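When a residue number appears, it is its place in the shown sequence, counting from 1. All figures in this text were calculated on a predicted structure; none of them were measured in a lab.
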Amino acid sequence: MVDETLEMIAFQIISNVGSAKSIAMEALYAAKEGDFVLAEEKLVESKKYLVEGHKIHTSLIQREAAGNKVEFSMLFMHAEDQLMSTETISELVKEMIEMYQRFGK
């Protein structure tokens with residue numbers, strides 16, 4: 001990742017967490033239809049993308065901690081915002097799926 005620009009890194013985060021968010025919503029829609037097996041599969045798939053987004057983000061934090069200044073960027077700020085909102089959405093989707101399971105449609 002040494003040669004990658006901050007913009008490319010930000011786009012990698014945005015791409016991964018965007019996929020994670022979309023797939024998490026697919027999990028919710030499956031649960032709403034009563035397909036809890038598919039919902040669980042989608043949650044597992046979504047988590048993989050979210051973890052990848054986190055790994056990329058963490059590598060940037062480690063880069064800065066090692067003394068390599070990371071310049072401010074609106075694009076990177078957007079990537080971090082997407083990362084955090086996807087984490088929140090993922091947790092809420094898990095809770096909503098449990099509610100669908102517990103209380104039915």
Side-chain angles (χ1 to χ4, degrees):
M1 186 169 82
V2 172
D3 295 330
E4 291 182 275
T5 66
L6 182 59
E7 287 146 349
M8 287 304 298
I9 294 166
F11 281 125
Q12 289 173 3
I13 294 169
I14 292 166
S15 176
N16 277 289
V17 301
S19 294
K21 186 178 359 180
S22 295
I23 296 166
M25 292 307 298
E26 290 175 13
L28 180 60
Y29 302 145
K32 185 176 181 180
E33 295 301 317
D35 190 343
F36 298 110
V37 172
L38 179 59
E40 182 58 33
E41 289 171 0
K42 292 290 184 180
L43 284 178
V44 169
E45 183 182 1
S46 174
K47 181 78 172 181
K48 290 176 185 176
Y49 285 100
L50 186 56
V51 167
E52 188 59 31
H54 264 293
K55 284 180 184 177
I56 297 164
H57 185 255
T58 299
S59 67
L60 260 183
I61 292 170
Q62 290 171 339
R63 180 191 290 186
E64 186 157 316
N68 300 314
K69 182 82 172 119
V70 175
E71 295 298 318
F72 174 79
S73 160
M74 288 296 291
L75 185 60
F76 183 63
M77 190 168 77
H78 175 65
E80 288 185 313
D81 178 57
Q82 292 300 303
L83 177 66
M84 298 309 297
S85 67
T86 298
E87 277 191 291
T88 301
I89 289 166
S90 295
E91 289 304 313
L92 288 172
V93 163
K94 287 178 200 172
E95 292 298 319
M96 292 175 75
I97 289 172
E98 284 184 32
M99 288 171 54
Y100 276 125
Q101 287 175 317
R102 188 174 299 166
F103 303 115
K105 283 175 76 172

- NZ/NE/NH1/NH2 to OD/OE distance under 4.0 Å, E91 and K94: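 Looking at E91 and K94, the cut-off is met.
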Verify same cluster id: [X], [Y] (apolar side-chain graph, 4.5 Å):
| X | Y | answer |
| --- | --- | --- |
| V70 | I13 | yes |
| L43 | L38 | no |
| Y29 | M96 | yes |

Quick one: does [X]'s side chain get under 4.5 Å of [Y]'s, heavy atoms only?
| X | Y | answer |
| --- | --- | --- |
| L60 | L6 | yes |
| S85 | K21 | yes |
| T86 | N16 | no |
| V17 | L50 | yes |

Of all the heavy-atom pairs spanning [X] and [Y], show the shortest one and how long it is.
| X | Y | value |
| --- | --- | --- |
| I56 | Q12 | CD1-CB, 3.7 Å |
| A10 | A79 | O-CB, 3.7 Å |
| H57 | E80 | NE2-OE2, 2.7 Å |
| A30 | A39 | CB-N, 3.9 Å |
| L83 | G53 | CD1-C, 4.3 Å |

- Query: Say you draw a straight line from CD1 of I23 to CD of E41; how long is it, rounded to the nearest 0.5 Å?
  - Reply: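 That separation rounds to 12.0 Å.
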- With rounding to the nearest 0.5 Å, note down the distance linking CG in L28 to CD in E33.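 L28 atom CG to E33 atom CD measures 10.5 Å (nearest 0.5 Å).
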Does atom [atom1] ([X]) have a neighbourhood of more than 12 heavy atoms from anything else shown, all under 6.0 Å?
| X | atom1 | result |
| --- | --- | --- |
| Y49 | OH | no |
| Q101 | CD | yes |
| F11 | CZ | no |

- Query: Can you tell me if S22 uses its side chain to pair, donor with acceptor, with the backbone of G18 under 3.5 Å?
  - Reply: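 Such a contact is found between S22 side chain and G18 backbone.
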- Message: Whether the side chain of Q82 engages the backbone of I14 through a donor-acceptor N/O pair (distance < 3.5 Å, no angle test) should be reported.
- Response: no
- Message: Here's a test for you: under side chain to side chain contact (heavy atoms under 4.5 Å, CB included), which of M25, K42, E98 qualifies with V93?
- Response: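 Looking at M25, K42, E98, the match for V93 under the side chain to side chain contact (heavy atoms under 4.5 Å, CB included) is M25.
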